[in-house]
Amino acid sequence: MMNTQMSNTTLARENIEILEHERSKIAHDLHNDLGQNITAIRIAAQLMCRQSEGRQTYPVAKSIVMLTDQMFDVMHQLLQRLDPHMVEKKDFRSGLDELLAFVEEHMQLICQIDIDGDVSRLDTTLQLAAYRIIQEALTNAARHGHAKRATIKLSISETELELSIINDGQALTDSLSVLLQDKSSGFGLSGIQQRVLAWQGHLKFTNTAQGVNLSCTIPLVS
Ligand SMILES: Nc1ncnc2c1ncn2[C@@H]1O[C@H](COP(=O)(O)OP(=O)(O)OP(=O)(O)O)[C@@H](O)[C@H]1O
Ligand SMILES: [Mg+2]
(Lines give C-alpha, C1' and ligand atoms only; values in the text may rest on other atoms or scores of the structure.)
(Ligands and ions follow the chains in the order given, each with its own letter.)
Protein backbone atom coordinates (compact mmCIF):
# COMPACT_ATOMS: atom_id res chain seq x y z
CA MET A 1 0.00 0.00 0.00
CA MET A 2 2.75 2.39 1.07
CA ASN A 3 4.83 1.40 -1.98
CA THR A 4 1.92 1.94 -4.36
CA GLN A 5 1.34 5.38 -2.90
CA MET A 6 5.05 6.21 -3.29
CA SER A 7 5.15 5.07 -6.92
CA ASN A 8 1.97 7.02 -7.67
CA THR A 9 3.45 10.25 -6.35
CA THR A 10 6.76 9.56 -8.14
CA LEU A 11 4.78 9.07 -11.35
CA ALA A 12 2.81 12.27 -10.73
CA ARG A 13 6.06 14.23 -10.25
CA GLU A 14 7.53 12.70 -13.41
CA ASN A 15 4.42 13.73 -15.34
CA ILE A 16 4.81 17.28 -14.11
CA GLU A 17 8.47 17.28 -15.16
CA ILE A 18 7.54 16.03 -18.65
CA LEU A 19 4.90 18.76 -18.89
CA GLU A 20 7.39 21.46 -17.89
CA HIS A 21 9.95 20.13 -20.37
CA GLU A 22 7.35 20.24 -23.17
CA ARG A 23 6.39 23.81 -22.23
CA SER A 24 10.01 24.83 -22.29
CA LYS A 25 10.47 23.34 -25.79
CA ILE A 26 7.37 25.15 -27.07
CA ALA A 27 8.66 28.40 -25.54
CA HIS A 28 12.02 27.96 -27.32
CA ASP A 29 10.36 27.27 -30.68
CA LEU A 30 8.06 30.25 -30.23
CA HIS A 31 10.93 32.50 -29.32
CA ASN A 32 13.43 31.31 -31.91
CA ASP A 33 11.30 30.50 -34.96
CA LEU A 34 8.21 32.63 -34.67
CA GLY A 35 10.05 35.49 -32.98
CA GLN A 36 12.68 35.67 -35.72
CA ASN A 37 10.08 35.58 -38.48
CA ILE A 38 8.02 38.33 -36.87
CA THR A 39 11.17 40.43 -36.57
CA ALA A 40 11.97 39.85 -40.24
CA ILE A 41 8.43 40.84 -41.29
CA ARG A 42 8.59 43.96 -39.13
CA ILE A 43 11.90 45.07 -40.63
CA ALA A 44 10.56 44.51 -44.17
CA ALA A 45 7.37 46.45 -43.39
CA GLN A 46 9.39 49.34 -41.94
CA LEU A 47 11.43 49.47 -45.12
CA MET A 48 8.20 49.51 -47.13
CA CYS A 49 6.97 52.36 -44.94
CA ARG A 50 10.04 54.45 -45.68
CA GLN A 51 9.87 53.77 -49.41
CA SER A 52 6.14 54.34 -49.81
CA GLU A 53 5.57 57.58 -47.93
CA GLY A 54 2.80 59.57 -49.63
CA ARG A 55 1.71 56.59 -51.69
CA GLN A 56 -1.31 54.26 -51.42
CA THR A 57 0.74 51.39 -50.04
CA TYR A 58 1.96 53.45 -47.07
CA PRO A 59 -1.03 52.76 -44.72
CA VAL A 60 -0.82 49.05 -45.57
CA ALA A 61 2.86 48.92 -44.63
CA LYS A 62 2.16 50.94 -41.50
CA SER A 63 -0.55 48.51 -40.39
CA ILE A 64 1.79 45.53 -40.94
CA VAL A 65 4.25 47.17 -38.53
CA MET A 66 1.46 47.66 -35.98
CA LEU A 67 0.25 44.07 -36.39
CA THR A 68 3.74 42.68 -35.85
CA ASP A 69 4.02 44.74 -32.65
CA GLN A 70 0.75 43.20 -31.44
CA MET A 71 2.02 39.72 -32.36
CA PHE A 72 5.17 40.40 -30.32
CA ASP A 73 3.08 41.38 -27.31
CA VAL A 74 1.00 38.20 -27.55
CA MET A 75 4.14 36.11 -28.02
CA HIS A 76 5.77 37.62 -24.95
CA GLN A 77 2.70 36.98 -22.85
CA LEU A 78 2.75 33.35 -24.03
CA LEU A 79 6.46 33.04 -23.27
CA GLN A 80 5.91 34.45 -19.81
CA ARG A 81 3.35 31.71 -19.16
CA LEU A 82 5.27 28.88 -20.79
CA ASP A 83 8.89 29.29 -19.84
CA PRO A 84 9.97 27.66 -16.58
CA HIS A 85 12.98 29.99 -16.78
CA MET A 86 13.37 30.95 -13.19
CA VAL A 87 14.83 27.67 -12.05
CA GLU A 88 17.20 27.11 -14.96
CA LYS A 89 18.36 30.65 -15.67
CA LYS A 90 17.45 32.63 -12.58
CA ASP A 91 16.76 32.06 -8.96
CA PHE A 92 13.23 31.65 -7.63
CA ARG A 93 13.03 35.17 -6.25
CA SER A 94 14.05 36.99 -9.44
CA GLY A 95 11.73 34.78 -11.51
CA LEU A 96 8.93 35.61 -9.09
CA ASP A 97 9.71 39.34 -9.16
CA GLU A 98 9.49 39.23 -12.94
CA LEU A 99 6.11 37.48 -12.72
CA LEU A 100 4.79 40.03 -10.21
CA ALA A 101 5.93 42.93 -12.40
CA PHE A 102 4.13 41.30 -15.33
CA VAL A 103 0.95 40.76 -13.28
CA GLU A 104 1.02 44.36 -12.08
CA GLU A 105 1.51 45.77 -15.57
CA HIS A 106 -0.87 43.54 -17.51
CA MET A 107 -3.50 42.64 -14.90
CA GLN A 108 -3.41 45.74 -12.69
CA LEU A 109 -2.95 43.52 -9.65
CA ILE A 110 -0.49 44.79 -7.06
CA CYS A 111 1.26 42.01 -5.16
CA GLN A 112 3.11 41.94 -1.89
CA ILE A 113 5.44 39.07 -1.13
CA ASP A 114 6.64 37.67 2.14
CA ILE A 115 9.15 34.78 2.06
CA ASP A 116 10.35 33.13 5.23
CA GLY A 117 13.01 30.40 4.88
CA ASP A 118 15.42 29.22 2.21
CA VAL A 119 13.72 28.44 -1.11
CA SER A 120 16.98 27.24 -2.68
CA ARG A 121 17.03 24.16 -0.45
CA LEU A 122 13.86 22.91 -2.21
CA ASP A 123 14.02 20.53 -5.12
CA THR A 124 13.89 22.59 -8.37
CA THR A 125 10.70 20.84 -9.50
CA LEU A 126 9.05 21.84 -6.24
CA GLN A 127 10.26 25.44 -6.66
CA LEU A 128 8.74 25.42 -10.11
CA ALA A 129 5.49 23.94 -8.76
CA ALA A 130 5.29 26.76 -6.17
CA TYR A 131 5.91 29.30 -8.95
CA ARG A 132 3.15 27.76 -11.10
CA ILE A 133 0.68 27.75 -8.20
CA ILE A 134 1.37 31.46 -7.52
CA GLN A 135 1.08 32.26 -11.23
CA GLU A 136 -2.31 30.54 -11.59
CA ALA A 137 -3.70 31.90 -8.30
CA LEU A 138 -2.83 35.48 -9.31
CA THR A 139 -4.21 35.06 -12.82
CA ASN A 140 -7.47 33.70 -11.38
CA ALA A 141 -7.63 36.48 -8.79
CA ALA A 142 -7.41 39.13 -11.50
CA ARG A 143 -9.55 37.33 -14.06
CA HIS A 144 -12.39 35.94 -11.97
CA GLY A 145 -12.23 37.94 -8.73
CA HIS A 146 -11.22 41.30 -10.32
CA ALA A 147 -8.80 41.66 -7.42
CA LYS A 148 -6.64 44.76 -7.09
CA ARG A 149 -4.27 43.54 -4.37
CA ALA A 150 -2.75 40.21 -3.43
CA THR A 151 -0.37 38.97 -0.77
CA ILE A 152 1.83 35.93 -1.26
CA LYS A 153 3.22 34.25 1.83
CA LEU A 154 5.73 31.47 1.49
CA SER A 155 7.28 29.84 4.50
CA ILE A 156 9.74 26.95 4.49
CA SER A 157 10.59 25.18 7.70
CA GLU A 158 12.59 21.97 8.26
CA THR A 159 9.47 19.88 7.81
CA GLU A 160 6.94 21.83 5.78
CA LEU A 161 6.33 24.30 3.00
CA GLU A 162 3.38 26.62 3.50
CA LEU A 163 2.16 28.81 0.65
CA SER A 164 -0.78 31.15 0.67
CA ILE A 165 -2.04 33.62 -1.91
CA ILE A 166 -4.66 35.99 -0.52
CA ASN A 167 -6.52 38.48 -2.69
CA ASP A 168 -9.09 41.23 -2.20
CA GLY A 169 -11.32 40.17 -5.11
CA GLN A 170 -14.91 38.92 -5.10
CA ALA A 171 -15.69 36.16 -2.65
CA LEU A 172 -15.91 32.57 -3.88
CA THR A 173 -19.43 31.33 -4.48
CA ASP A 174 -18.48 27.65 -4.53
CA SER A 175 -16.24 25.32 -2.58
CA LEU A 176 -13.00 23.99 -4.06
CA SER A 177 -14.48 20.54 -4.68
CA VAL A 178 -17.45 22.04 -6.57
CA LEU A 179 -15.14 24.25 -8.65
CA LEU A 180 -12.94 21.25 -9.45
CA GLN A 181 -15.90 19.16 -10.54
CA ASP A 182 -17.49 21.89 -12.66
CA LYS A 183 -17.14 20.70 -16.24
CA SER A 184 -17.22 24.25 -17.57
CA SER A 185 -14.17 25.17 -15.47
CA GLY A 186 -10.70 25.32 -16.96
CA PHE A 187 -7.48 23.55 -16.03
CA GLY A 188 -5.95 26.02 -13.59
CA LEU A 189 -7.28 24.79 -10.27
CA SER A 190 -6.90 21.14 -11.22
CA GLY A 191 -3.27 21.85 -12.23
CA ILE A 192 -2.71 23.34 -8.78
CA GLN A 193 -4.31 20.35 -7.12
CA GLN A 194 -2.23 17.88 -9.17
CA ARG A 195 0.96 19.65 -8.12
CA VAL A 196 0.02 19.73 -4.45
CA LEU A 197 -1.00 16.05 -4.47
CA ALA A 198 2.20 15.05 -6.28
CA TRP A 199 4.05 16.20 -3.14
CA GLN A 200 1.45 14.65 -0.84
CA GLY A 201 0.34 18.09 0.28
CA HIS A 202 -2.97 19.61 1.21
CA LEU A 203 -4.86 22.36 -0.66
CA LYS A 204 -7.50 24.81 0.58
CA PHE A 205 -9.36 27.52 -1.31
CA THR A 206 -11.67 29.55 0.92
CA ASN A 207 -13.12 32.96 1.76
CA THR A 208 -11.41 34.36 4.85
CA ALA A 209 -11.54 37.65 6.78
CA GLN A 210 -8.36 38.73 4.89
CA GLY A 211 -9.83 37.84 1.49
CA VAL A 212 -9.97 34.88 -0.89
CA ASN A 213 -7.22 32.55 0.20
CA LEU A 214 -5.63 29.76 -1.80
CA SER A 215 -3.30 27.94 0.55
CA CYS A 216 -1.36 24.73 0.57
CA THR A 217 0.98 22.84 2.85
CA ILE A 218 3.52 20.35 1.55
CA PRO A 219 5.53 18.07 3.82
CA LEU A 220 9.29 18.30 3.28
CA VAL A 221 10.47 15.23 5.10
CA SER A 222 11.54 12.56 2.60
N1 LIG B 1 -9.68 33.90 -7.31
C2 LIG B 1 -10.89 33.53 -7.73
N3 LIG B 1 -11.96 34.27 -7.45
C4 LIG B 1 -13.18 33.89 -7.85
N5 LIG B 1 -13.44 32.76 -8.56
C6 LIG B 1 -12.43 31.98 -8.89
C7 LIG B 1 -11.09 32.31 -8.50
N8 LIG B 1 -10.27 31.34 -8.94
C9 LIG B 1 -11.05 30.46 -9.58
N10 LIG B 1 -12.35 30.82 -9.56
C11 LIG B 1 -13.48 30.08 -10.15
O12 LIG B 1 -13.04 28.75 -10.35
C13 LIG B 1 -13.20 28.37 -11.72
C14 LIG B 1 -12.11 27.41 -12.11
O15 LIG B 1 -10.84 28.05 -12.15
P16 LIG B 1 -9.71 27.44 -13.07
O17 LIG B 1 -8.47 28.22 -12.84
O18 LIG B 1 -9.66 25.98 -12.86
O19 LIG B 1 -10.26 27.67 -14.55
P20 LIG B 1 -10.28 28.98 -15.46
O21 LIG B 1 -9.49 30.06 -14.81
O22 LIG B 1 -11.72 29.27 -15.78
O23 LIG B 1 -9.54 28.50 -16.80
P24 LIG B 1 -7.95 28.24 -17.02
O25 LIG B 1 -7.28 28.32 -15.69
O26 LIG B 1 -7.87 26.88 -17.63
O27 LIG B 1 -7.51 29.32 -17.94
C28 LIG B 1 -13.20 29.67 -12.48
O29 LIG B 1 -13.88 29.58 -13.71
C30 LIG B 1 -13.91 30.63 -11.51
O31 LIG B 1 -15.31 30.47 -11.62
MG1 LIG C 1 -7.52 29.73 -14.13
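Start at 1 and go down the list; that is how both ligands and their atoms are numbered. A quick note: this is a predicted structure, and the numbers were derived from the prediction, not measured.
- A donor-acceptor pair under 3.5 Å links the side-chain atoms of N207 to the main chain of L172, judged by distance alone.
- Under a 3.5 Å cut-off, the side chain of N167 and the backbone N or O of R149 do not form any donor-acceptor pair.
- Residue contact check: G188 has heavy atoms under 4.0 Å from atoms 16 (P), 17 (O), 18 (O), 24 (P), 25 (O), 26 (O) of ligand 1.
- Judged by the shortest distance from any of its heavy atoms, G169 lies outside the 4.0 Å radius around the atoms of ligand 1.
- Considering backbone and side-chain N/O atoms, L189 comes within less than 3.5 Å of an N/O atom of ligand 1.
- A donor-acceptor pair is defined here as one N or O able to donate and one able to accept, closer than 3.5 Å; such a pair exists between the side chain of D168 and the backbone of K148.
- Regarding atom 25 (O) of ligand 1, its nearest protein heavy-atom neighbour is E136 OE2, 3.0 Å.
- In terms of protein heavy-atom proximity, atom 11 (C) of ligand 1 is closest to L179 CD2, 3.8 Å.
- Of the N or O atoms in A137, none lie within a sub-3.5 Å distance of an N or O in ligand 1.
- Only side-chain heavy atoms of L172 come within less than 4.0 Å of ligand 1; its backbone N, CA, C and O stay farther off.
- A donor-acceptor pair under 3.5 Å is absent between the side-chain atoms of E162 and the main chain of S155, judged by distance alone.
- A salt bridge is defined here as a Lys NZ or Arg NE, NH1 or NH2 lying under 4.0 Å from an Asp or Glu carboxylate O, and E20 with R195 meets this definition.
- Residue, atom and distance of the protein heavy atom nearest to atom 14 (C) of ligand 1 are S185 OG, 3.4 Å.
- For atom 9 (C) of ligand 1, the closest non-hydrogen atom of the protein is N140 ND2, 3.6 Å.
- Below 4.0 Å from some heavy atom of A141 lie the following atoms of ligand 1, by number and element: 1 (N).
- The number of heavy atoms from other shown groups lying within 6.0 Å of CD (Q77) is above 12.
- Shortest distance from the Mg ion (ligand 2) to E136 is reached at OE2 (N/O/S atoms only).
- Note on residues 39-56: pairs passing side chain to side chain donor-acceptor pair (under 3.5 Å), not counting sequence neighbours, are R42-Q46, R42-D69.
- Using modelled atom types and a 3.5 Å distance limit, the side chains of D97 and S94 yield no donor-acceptor pair.
- Nearest non-hydrogen protein atom to atom 7 (C) of ligand 1 is F205 CZ, 3.7 Å.
- Of the listed residues (H144, R81, R143), the one carrying the non-hydrogen atom nearest atom 6 (C) of ligand 1 is H144.
- L197 contributes atom CG, which lies 12.0 Å from atom CD1 of I192 (distance to the nearest 0.5 angstrom).
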Apply side chain to side chain contact (heavy atoms under 4.5 Å, CB included) to the pair H146 and M107, showing each step before the final yes or no.
-> CA-CA 9 Å; H146 309 289; M107 304 180 195; over 6 Å; no
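- G186 N, 3.1 Å is the protein heavy atom nearest to atom 19 (O) of ligand 1.
- For a distance bound of 2.8 Å, the N, O or S atoms of T139 include none lying that close to the Mg ion (ligand 2).
- The closest protein non-hydrogen atom to atom 26 (O) of ligand 1 is F187 N, 2.7 Å.
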